Amino acid sequence: MDLGLQDKVAVVTGGTSGIGLATARLLLREGAAVAICGRDQARLAAAKASLLGNAAEKNLVAMPCDVLDKDAVARFAAAVEQWRGCCDILVTNAGQARMSTFANTSDDAWREELELKFFSQIYPIRAFKPLLERSDAAAILAVNSLLAYEPEPHMVATSAARAGAQSLVKSLARESGADARSVDRRHRA
């Protein structure tokens, strides 16, 4: 398969397991340079070791980063900038599921869930935006869940937070699309 990703620079948050790791593996196989991050050092090391079979070490960066720590995300973006100078693809993938009903979800659990779902998008997008703007074909891919569209009663906080994150990403796409259209109009004038 050729997805046209040869020599593109991709960043995958939550890239140490599951969808994030599989995405990083595919991007490397397609010829992209890939930077992954994760909170757990052991899982990060294991993910890096498994990905090196798909790419030369120069095409892979694995850095510890908690996407809910704005400063850590800024350091991750700075490392990618120093490594490759830009970012073509940002995959925001960090997340988890919380099993709870409305009746048994505490206020603190609601806050944690909302913070995770929103700021795991906000901090990476803010930090990588300047690098994405250097690309001629930048893309942000926000990994979400069907729960954003089909909520489950036993996952009330996760369903609500994922729907909100989906709306956030749609708003950002429209905002960015408007900027792109205005730039395009200026170039045609």
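Predicted, not measured: the structure shown is a model, and the values here were computed from it.
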Worksheet item: Restricting to pairs with a member in residues 63-83, which pass salt bridge (charged side-chain N to carboxylate O under 4.0 Å, His left out), not counting sequence neighbours?
Response: E81-R134

For the atom pair [atom1] ([X]) and [atom2] ([Y]), what is the distance rounded to the nearest 0.5 Å?
X	Y	atom1	atom2	result
T105	M155	OG1	CE	10.5 Å
K8	L3	NZ	CG	12.5 Å
K129	S176	NZ	OG	6.0 Å
C87	E133	SG	CD	11.5 Å
S145	E150	OG	CD	10.5 Å
C65	L44	SG	CG	10.0 Å

Could you check whether any side-chain heavy atom of [X] comes within less than 4.5 Å of a side-chain heavy atom of [Y], counting everything from C-beta outward?
X	Y	answer
L90	L141	no
V34	N59	no
Y149	R162	no
I140	I89	no
R25	L28	no
V143	V91	yes

Item to complete: Determine the sole option in L131, V61, V9, V11 for which the side-chain contact (heavy atoms from CB on, under 4.5 Å) test with R84 is passed.
Response: V9

Please find the pair of heavy atoms, one from [X] and one from [Y], that lie closest to each other, and give the distance.
X	Y	result
Q121	V169	OE1-CG2, 3.9 Å
P64	Q41	CG-NE2, 3.7 Å
V73	A127	CG1-CB, 3.6 Å
N93	G14	ND2-O, 2.9 Å
D2	E30	CA-OE1, 3.3 Å
V67	C37	CG1-SG, 4.3 Å

Fill in: K48/E57 salt bridge by N-O under 4.0 Å criterion
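Yes.
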
Worksheet item: Using 4.0 Å as the upper bound for N to carboxylate O, is an ion pair formed by R98 and E112?
Response: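 Salt bridge: yes.
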
Scan [range] for pairs that pass ring-ring contact (aromatic ring centres under 6.0 Å, His included), counting only residues two or more places apart or in two chains.
range	answer
residues 18-41	none
residues 61-96	F76-F128
residues 91-111	none

Review item, side-chain donor-acceptor pairs of residues 15-24, under 3.5 Å, at least two apart:
from: S17; atom 1: OG; to: R43; atom 2: NH2; distance (Å): 2.6
from: T23; atom 1: OG1; to: I19; atom 2: O; distance (Å): 2.7

Practice prompt. Would you tell me whether S159 and E152 have side-chain atoms, one donor and one acceptor, within less than 3.5 Å of each other?
Written response: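 Checked: S159/E152 side chains show no N/O donor-acceptor pair below 3.5 Å.
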
Transitive ILVMFWY side-chain link [X] to [Y], under 4.5 Å:
X	Y	value
I125	L168	no
L68	V12	no
Y123	M63	no
M99	L116	no

Practice prompt. Kindly say whether A47 contributes a backbone atom to a donor-acceptor pair with the side chain of S50 at under 3.5 angstrom?
Written response: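 Checking the backbone N and O of A47 against the side chain of S50, a donor-acceptor pair under 3.5 Å is found.
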
Fill in: Under 3.5 Å: donor-acceptor pair, side chain of D88, backbone of S135
no

Discussion item. Among residues at least two apart in sequence or on other chains, which ones pass salt bridge (Lys or Arg N to Asp or Glu O under 4.0 Å) with D7?
Written reply: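 Partners of D7 by the salt bridge (Lys or Arg N to Asp or Glu O under 4.0 Å) criterion come out as none, since no residue qualifies.
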
